[in-house]
Amino acid sequence: MRLNKVIALSLAAAMVVPMLVSCGKQKTETVDENGNKIYSYTFNMYTQDDNEYPTQEDTLFNNYIRDNFGIKFIYDRIPRTDWETKTNTYFATGDSPDVTIGGKEMNYKAWGNEGYLAPIDYTKLPNWCALWGDNLDKVVSLASNSDGNLYYLPTVRQEKVQMCWLYRKDIFDELNISFPKTADEFVEACKKIKAKYPDNIVISSNGQKKSSLTGFFQMFWIPELILQTQSCIDPVTNEFVPYAMASDNAREMYKFVNSLYKEGLIDKEILSIEKDNFYTRCAQNNAFITYNYVYNTDTFNNKTNVNGNTGANWDWAGNMVTAYPDKGTIYKRDPLYSNWGPAFSAELGADTERFDALLKYYDWCATDEGQLFTSYGVEGESYNMVDGKPEVADGWYHEKDNPEGKKINREYGTLTYTFNKYQKLFEELRGNQIEKLYDAYMANDKYYYFDEFPMRYTEDEEKRYTDLETALNSKRDEYMARFFMGESDPASDADWEMYLSDLKKVGLDEFVELQKTVYERTKAEVQ
């Protein structure tokens, strides 16, 4: 939804809820007891709903950046469910935060188009630029607006791949089945499991609703995130597909999932159950295959081997499944960057001295020293150096293995890992498993991924894109459920034509032409 529409809704919400807290304008410059100038910045931060942060300003994090950089953050921490609405309201009412973090790229680009954010001269950030190496130009091109300006600082995506098929290896071993490589083999494996365990769910939702289907998208040569991106470029033919969910490949995918449903092989609640329901199925020995993150095998095993159940062995498959083995196999290659980095208000951008002081801090965050600080905190307090390597101090933790301790990313103000996790931390958290999965994929022949492309819309095009996308998504989701659950038959020409006809009624043809126009223009600009 475009900003001007969201603003209207946000303002209406503000009138209904008069207690809406403003981030408030604070004094922007003070002098400490030693005569040092301290700049203050209002900081609007997206948080996970269950995170609690210190309310006082006198934290180790704040003291460190005040003493070393002469800056101070005044936080407005907003749960993720409220973040977009409240931030839109702040901009609409002229009460914009100096720094905002945790948005989506579509938010940042829309606010940049509307003039609420300051364009960033990233050449002032040599350490941030160095993070990207030879990929700098590509990252800037992808993250910039159609006016060529960069309105937020992307963060490094250290993960190459994360998602794969997870399966009950103990059940596969019992039935002497290897994890399949083709769609036909996939069906046969599922049928063998169903014959042995007729009352169990073979292919289960992963508890994340539509993401449970993304392994099937890739099986039929469609990007994993197609429900968000809509369009794609075929990695083998370089053909631009302006609306992939109306393609022949999409129809084959619908037919495939529909056939699994008819055979009783797939979860009837594939589009609806929550994560807790999936864990309940694990505890009941009632899930054998799902699409999820490679590092969740331990969690799934812990959830399954309870209540007297023993011997369950969830494992990850080192191969994806393809319906087109002659053409190749699709896997999801994580993007070069994510959109968790900071954006800065236009008002701050106009105050050059104050803006440059903050950019100096953020550029330091990209150095090895800065990555160590944003990953581990303050030496001697939250971590100690042992044999030249950081070790989390007693009473502190990163993950949820020590809920009674102090969590570093909660105690240290902003989100940790500002641009990049310290390499040791990345490896300890999930990096080793991720690298093993990537190596397994690369050991296979003809493995491809859909690359990103920086579609550059004008402001008017973006408005129209959003309106059309909203209408198309609604109709697409309606038919997705009908196709999967057998209310409509994707193998029927009449039903498929009805699907296309209904998409056209809400703007498919216009959307396709818009995407083609923007793609061709952008390609000419960036190549």
Side-chain angles (χ1 to χ4, degrees), residues 21 23-48 51-78 97-102 125 127-128 153 155 340-345 348 351 353-386 389-398 402 404-422 424-425:
V21 179
C23 63
K25 293 301 180 185
Q26 306 285 337
K27 190 172 182 179
T28 59
E29 182 180 326
T30 58
V31 177
D32 68 13
E33 63 274 12
N34 297 317
N36 299 312
K37 185 183 293 186
I38 308 295
Y39 290 115
S40 294
Y41 304 87
T42 53
F43 194 117
N44 170 6
M45 178 181 163
Y46 164 127
T47 69
Q48 297 293 332
N51 273 359
E52 295 182 5
Y53 289 82
T55 56
Q56 76 277 13
E57 303 296 337
D58 186 24
T59 64
L60 290 169
F61 177 90
N62 280 347
N63 292 342
Y64 187 93
I65 62 174
R66 179 199 62 208
D67 294 344
N68 287 275
F69 295 95
I71 66 176
K72 174 183 177 182
F73 289 135
I74 301 169
Y75 300 105
D76 181 25
R77 298 188 177 96
I78 306 172
D98 294 314
V99 188
T100 188
I101 192 170
L125 301 157
N127 293 305
W128 179 85
L153 292 175
T155 63
W340 284 97
F344 310 99
S345 71
L348 173 61
D351 187 345
E353 182 177 344
R354 192 162 149 263
F355 191 25
D356 285 349
L358 187 58
L359 290 180
K360 181 179 179 181
Y361 160 72
Y362 275 111
D363 193 46
W364 173 80
C365 288
T367 65
D368 287 343
E369 182 183 21
Q371 291 172 41
L372 179 60
F373 172 67
T374 59
S375 294
Y376 285 94
V378 174
E379 184 177 2
E381 179 62 32
S382 54
Y383 79 95
N384 297 297
M385 296 300 289
V386 178
K389 298 180 179 180
E391 296 288 347
V392 177
D394 290 343
W396 291 80
Y397 72 111
H398 276 287
N402 183 13
E404 301 303 318
K406 295 180 180 179
K407 193 173 182 181
I408 291 174
N409 74 346
R410 184 177 62 213
E411 299 291 331
Y412 278 86
T414 66
L415 294 173
T416 49
Y417 341 128
T418 302
F419 296 122
N420 207 30
K421 294 184 185 72
Y422 196 73
K424 179 175 181 289
L425 177 61

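These figures come from a predicted structure and were not determined experimentally.
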Query - ring-ring contact (aromatic ring centres under 6.0 Å, His included) assessment of F61 paired with F373 - result: CA-CA 9 Å; F61 177 90; F373 172 67; 5.5 Å; yes
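Between atom CZ of residue F419 and atom CG of residue N127 there is a gap of 10.5 Å, rounded to the nearest 0.5 Å. One distance of note links OG of S40 with CZ of R354; it measures 8.0 Å at 0.5 Å rounding. Atom CG of residue D363 and atom CG of residue D356 lie 11.5 Å apart, to the nearest 0.5 angstrom. Taking CG of N420 as the start and OG of S375 as the end, the distance is 7.5 Å to the nearest 0.5 Å. One distance of note links OH of Y39 with CG of D98; it measures 12.5 Å at 0.5 Å rounding. Rounding to the nearest 0.5 Å gives a distance of 9.5 Å between CD of E379 and OH of Y64.
Listed by chain and number, the residues in a salt bridge (charged side-chain N to carboxylate O under 4.0 Å, His left out) with K360 amount to none (sequence neighbours excluded).
A donor-acceptor pair under 3.5 Å is absent between the side-chain atoms of K72 and the main chain of I38, judged by distance alone.
When each of Y41, F69, F43 is checked for a ring-ring contact (aromatic ring centres under 6.0 Å, His included) with Y361, only F69 meets the rule. Of the candidates W128, F355, F344, F344 is the only one forming a ring-ring contact (aromatic ring centres under 6.0 Å, His included) with Y362.
Under the 4.5 Å side-chain criterion, counting only non-hydrogen atoms from C-beta, Q371 is not in contact with C365.
In this structure, W364 and E369 approach most closely via the heavy-atom pair NE1-OE1, 3.1 Å. In terms of heavy-atom proximity, W396 sits nearest to E381 at NE1-O, 3.3 Å. A pairwise comparison of heavy atoms in T42 and P97 identifies OG1-CA, 3.4 Å as the closest pair. Between V99 and F73, the closest heavy-atom pair is CG2-CE2, 4.4 Å. The shortest heavy-atom contact between T418 and T374 is OG1-CG2, 3.3 Å.
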